[in-house]
Amino acid sequence: MNVMQPVDRVRGAVHDKERHESGHKHVSGTAEYIDDIPEPAGTLHGYLGLSQRAHAEILSVDFEAVRNSPGVVGVLTAEDIPGENDISPAHKHDDPVFAAGKVEFHGQPIFAVIATSREAARRAAAKVKIDYRDLPHVTDVLEAAAANYPLVIDPLKLERGDIDAGFAKAKNTVSGEMRIGGQDHFYLEGQISFAIPGEDDEVTVFSSTQHPSETQLMVAHVLGVPSNAVTVNVRRMGGGFGGKETQANLFAAVAAVAARKYRRAIKVRPDRDDDMTATGKRHDFHVDYKVGFDDDGRIEAVDAVFAARCGFSADLSGPVTDRALFHADNCYFYPNVRLRSRPLKTNTVSNTAFRGFGGPQGMVGGERMIEDVAYALGKDPLEIRKLNFYGGEGRNLTPYHQTVEDNIIGRIIEELEASSDYAARRQAAIAFNRESPVIKRGIALTPVKFGISFTKTEYNQAGALVHVYTDGSIQLNHGGTEMGQGLYTKVAQVVADEFQVDLDHIKVTATSTGKVPNTSATAASSGSDLNGMAAANACQQIKERLVRFAAEHYGVGEADIAFEPNTVRIGAERIAFADLIKAAYAARVQLSAAGFYKTPKIHWSRAEGRGRPFYYFAYGASCSEVSVDTLTGEYQVERTDIIHDVGKSLNPALDLGQVEGAFVQGMGWLTTEELWWDAKGRLRTHAPSTYKIPLASDRPRVFNVRLAEWSINREETIRRSKAVGEPPFMLGISVLEAISMAAASVADYRIPPRIDAPATPERVLMAVERLRAARAG
Amino acid sequence: MTTEIRNTIRFLLNDRSVELADVSPVQTLLDFLRIGRSLRGTKEGCAEGDCGACTVLVGRLLDGKLKYESVNACIRFVASLDGCHVVTVEALAQPNGPLHPVQQAMVDTHASQCGFCTPGFVMSLYGLWMTNAKPSVQEIEKALQGNLCRCTGYAAIIRAAEAIASVGELGKDPLIVEREEITRQLEALRDGRRVEIGGEDQRVVLPASLDDFAAVLEANPEATIVAGSTDVGLWVTKFMRDIAPVVHLSHLEELRRISIAPDGITLAAGVSYTEAYPVIVRHFPQLRELWDRIGGEQVRNMGTVGGNIANGSPIGDTPPALIALGASVTLRKGTSRRTLPLEAFFIEYGKQDREPGEFVETVRIPFLDETERFAVYKITKRFDEDISAVCGAFRVKFDGDGKVADVAIAFGGMAGTPKRASNVEAALKGAQWNDAAIEAGVAAFERDFTPLTDWRASSEYRMLVARNLLRRFHLETQETRNIRIDRTVAVAL
């Protein structure tokens with residue numbers, strides 16, 4: 001037995017500011033994305049043919065010119081699908097791979113061309129001749145309601161208290177409406193799938209998907225084969241943000257069908273414009289609200305309807321609109337409340353998951369009510385916020401009857417108010433505005449409370465597979481996918497910590513349905529919570545076997561064996577981790593384990609609208625100050641301060657990056673990112689030339705972001721950390737509200753500014769004009 | 001005169017020489033790298049020059065001097081690279097070797113998340129580093145205007161850019177160390193011949209000289225002229241148009257000349273925005289912001305003022321400003337030339353006063369005199385790298401009594417072409433420069449323009465902003481405090 005000196009701690013353990021496991025590959029261009037995988041000889045390429053109508057019967061399709069185009073091998077339509085022509089993740093059979101007979105949105109896939117090169121397939125696809133008979137179409141959510149369009153899925157109602165009594169008691173009532181725009185994901189790597197046929201009915205699909213198990217299931221359905229014939233792999237995505245939770249399935253299905261038919265490897269990658277036209281986005285909402293409150297601004301009753309533009313099919317619109325209702329309260333106690341969703345069908349692309357998953361829209365609606373109360377009373381919105389926070393006797397029950405047990409928003413707000421010098425800067429802005437005729441300042445401090453867990457309870461489970469090899473190196477695999485958030489790094493840190501080995505002994509391999517089955521989407525911010533726990537569980541199984549073995553082999557008690565940094569202490573002596581592994585292997589100890597985890601405590605009844613859908617809440621707050629040009633509506637974010645709660649961070653460097661990135665993405669959603677459909681139902685903002693996500697120069701001129709380092713998750717999550725993916729997205733709301741304050745200054749802050757989102761310069765200028773006119777009139 | 005002709009495209013790609021006899025007129029550098037050479041570190045994000053994931057450096061000679069610039073490989077045609085040095089991310093670090101300082105700084109500051117945009121950011125920052133080893137935050141932001149990141153919120157990338165100088169030494173960079181050798185190699189590639197490749201419907205020509213270009217174009221009046229390809233590139237990648245025969249201006253150093261006379265500047269049509277920048281901002285500081293907001297850095301490095309004019313966009317990055325400044329354009333066909341006011345060049349949407357076989361040779365911009373005030377305002381949804389919803393340019397000449405002696409006002413985004421607001425001008429001319437005159441001018445806008453509603457702005461907004469820009473211009477001639485958002489504030493991270 002070698003005697004080893006202990007070192008303080010391993011490199012890259014939990015809570016370290018470890019770099020992203022692929023950082024060095026990202027910067028050198030060697031990180032492999034699906035389009036970078038070397039193609040086998042004979043690889044063919046598929047390109048989708050999209051509907052040029054928003055709603056129409058397809059009378060005839062003429063493929064002659066397509067088939068005669070150079071390089072074309074064949075054309076796939078609905079008739080070529082061996083299994084079911086449906087990829088509805090809601091299993092509602094409303095989401096065909098290829099439209100047959102009729103189209104329901106402009107951009108709906110009708111066919112695919114398979115050719116020897118992508119360019120040949122793309123050029124050929126443009127040569128199709130389709131006769132349509134137009135049907136009336138509706139793209140807008142209010143028009144859909146007026147036209148009695150159906151709901152794509154059953155709506156949800158959350159109700160608590162006595163809404164009529166609440167309004168009767170309230171001294172003041174404000175009602176209003178707000179439009180909240182959608183958002184394109186604009187992942188930098190577009191959708192892509194690469195399918196390679198195998199023996200019998202087998203197919204392997206490399207898909208840029210956040211949900212490999214669902215992609216596997218959809219491909220199996222479309223092919224009419226069992227799931228065991230389909231393997232889906234993904235090493236990394238070039239961004240996901242929810243846009244590859246269900247939307248990747250289309251491309252995987254088309255590639256797989258073609259691979260089966262032509263017995264060749266097939267790659268399918270749309271152009272950016274087609275990607276943005278043919279795949280779903282964040283839901284646009286229309287919120288109709290009424291809020292009753294006393295003279296201090298304390299809310300008595302809230303009644304709101306959240307209508308969403310869902311597009312032509314259900315997709316994830318059910319849980320997305322549900323989550324909007326779950327977050328309409330944000331941090332505020334509503335004594336009497338009724339919240340209803342209205343998931344409306346429209347002739348637009350089917351909207352889908354996007355970071356926050358409806359939560360941001362719900363929260364913007366809730367914050368708009370706070371703003372209205374404040375302007376109605378002539379008070380600082382922050383004062384109204386603090387008055388209505390959860391907390392105190394009988395003031396902790398959410399509209400879905402979950403008790404808020406872990407509320408830390410008070411401390412976060414208090415710290416942020418101090419560090420951002422909010423009160424003094426608000427007074428300074430008001431003073432500035434009195435003297436400045438053109439440029440106006442606005443400042444807002446807004447909170448975030450976000451519920452963590454899939455509201456679909458069965459999704460709250462995960463698996464991991466850990467192998468220890470005889471040289472002591474470790475291979476880690478789990479059901480989560482890497483889309484840039486650093487999940488692979490964090491879970492590897494958990495494994496390093498469990499075994500007490502340096503991080504570079506651990507290799508994370510591509511997520512594969514063949515390694516860990518029946519996984520959940522990497523979504524709902526759940527990645528490290530679920531997969532970290534599953535990986536820890538796998539490690540613990542192996543460690544238990546090692547301890548049992550070592551106790552017997554070295555003749556010491558199990559309690560005297562400990563995993564210390566890169567060594568194992570056995571009684572009074574220490575040996576290298578790898579040496580213990582060699583010995584265990586020689587003694588025929590199993591060095592591999594499948595780990596599993598399911599989130600405890602959660603339950604939810606959608607029919608009753610009550611339960612405990614969330615294991616815990618993540619909190620945060622941001623304070624933004626803006627300058628607005630009241631001649632043009634242009635603006636600049638001068639400064640943003642953020643404090644965000646990630647519990648005890650698994651990796652503070654990666655978490656900080658998530659917070660910064662989420663804030664800027666959220667700010668983009670509420671400011672310059674505008675989806676615009678023309679009268680024919682065509683989305684006209686479908687490329688970066690027309691759809692404007694934030695640039696480096698758009699980030700706040702002063703940007704102070706920090707984690708609430710004192711926070712520890714009171715629930716037993718992985719190392720007491722909290723989820724980070726989605727919650728900070730909603731920190732962007734402070735920018736919208738700061739712009740609103742600047743606009744409100746032209747009417748002495750006494751008229752609710754009510755700027756719809758996104759607050760483009762146009763909307764801001766129009767609001768300024770409206771407020772000026774209202775004050776004058 | 002017989003012109004010597006070469007039938008291959010020759011350039012350097014990282015540490016290799018490339019010679020291609022078969023280059024399609026529509027072959028992009030990005031596809032050549034990724035498909036042709038399996039150099040897959042360079043990514044396709046948008047294929048329209050807006051996201052920067054495909055950023056590479058292109059080194060080229062002007063007057064014997066080698067300069068590297070970031071460009072968008074997605075809209076750059078391979079044929080245009082004759083005589084250039086293409087540097088991709090693969091050149092920066094050898095497998096298993098140390099990372100380049102730019103790369104190391106990015107890793108150290110956690111500046112990559114999904115990593116897909118990252119090679120493009122690395123190349124943009126590398127391009128910046130070579131000309132400016134200690135950039136300010138504003139200079140960094142400007143260099144990154146053409147790079148989109150959807151994950152990081154950019155803060156970490158800015159931190160990386162600021163850290164590069166502490167990670168590595170510019171003097172040891174291979175492109176600095178080997179500059180003379182590469183210059184020599186590029187000079188050797190430049191044999192002064194006309195380059196012609198491709199058969200009948202695939203013809204690509206790189207004329208050897210300006211006279212050769214005039215002759216080629218006269219003989220092939222239907223040819224597509226390609227200067228920076230920031231517009232024509234999209235005809236190919238987005239609309240799949242066949243553009244042959246193609247004439248590239250890459251070798252025409254005569255078209256990259258800038259001449260300064262006592263009364264104005266003359267830009268040859270092939271001068272890029274970047275090349276024009278120092279001269280423009282020195283003589284027209286009012287154009288600095290506009291110039292900084294044209295596309296991203298990669299587009300400014302490729303795109304030309306001549307191309308911007310010749311393609312006749314109804315919005316026009318530079319034409320509204322140049323029209324208001326009284327610029328003129330000289331067209332050439334064969335050996336004959338004609339000069340016309342820039343505003344007269346734009347006839348209607350999609351139609352310019354350019355005959356087949358004719359090309360834009362130079363643009364002349366007269367200097368302002370001390371009795372003139374000039375300003376240009378670009379209104380966009382996103383401040384940088386966006387196309388104007390409205391662009392308004394104003395030039396007023398005052399007489400000794402504070403009256404308007406002369407006035408020129410031009411707008412983009414308000415009509416089918418960049419257009420003068422002649423009724424507004426008429427309302428102002430001769431008037432005392434006061435609120436009453438401005439309001440009379442404001443009232444005249446609807447006689448000049450009936451703007452459209454589209455995804456950039458509604459008709460109502462365009463009209464309202466246009467009027468407010470006249471008010472702003474007036475305010476700015478009166479006082480300067482708090483009339484514009486200060487975009488130059490120092491940034492603390």
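For clarity, every value in this text was computed on a predicted model and none was experimentally measured. The chains referred to below are lettered A, B, ... by the order of the sequence lines, with proteins before strands, and numbering in each begins at 1.
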Is it the backbone or the side chain of [X] that comes under 4.5 Å from a heavy atom of chain B, or both, or neither?
X: Met766(A); result: side chain
X: Pro38(A); result: backbone
X: Thr632(A); result: both
X: Phe186(A); result: both
X: Asp271(A); result: side chain

Is [Y] paired with [X] through a side-chain N to carboxylate O contact shorter than 4.0 Å?
X: Asp242(B); Y: Arg123(A); result: yes
X: Arg487(B); Y: Glu638(A); result: no
X: Glu141(B); Y: Arg701(A); result: yes

At a 4.5 Å cut-off on heavy atoms, which part of [X] comes close to chain A: side chain, backbone, both, or neither?
X: Glu460(B); result: both
X: Ala47(B); result: side chain
X: Ser38(B); result: neither
X: Lys43(B); result: side chain
X: Thr380(B); result: backbone

Do the side-chain N and O atoms of [X] and [Y] include a donor-acceptor pair separated by under 3.5 angstrom?
X: Thr118(B); Y: His26(A); result: no
X: Ser458(B); Y: Glu762(A); result: yes
X: Ser689(A); Y: Glu48(B); result: yes

Which atom pair, heavy atoms only, marks the closest approach of Arg699(A) to Tyr154(B)?
-> CD-CB, 4.0 Å
Would a distance-only check, ignoring hydrogens and angles, find a side-chain to backbone donor-acceptor pair under 3.5 Å from Arg40(B) to Ile37(A)?
->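 Yes, the answer is positive, given that a donor and an acceptor are paired below the 3.5 Å cut-off.
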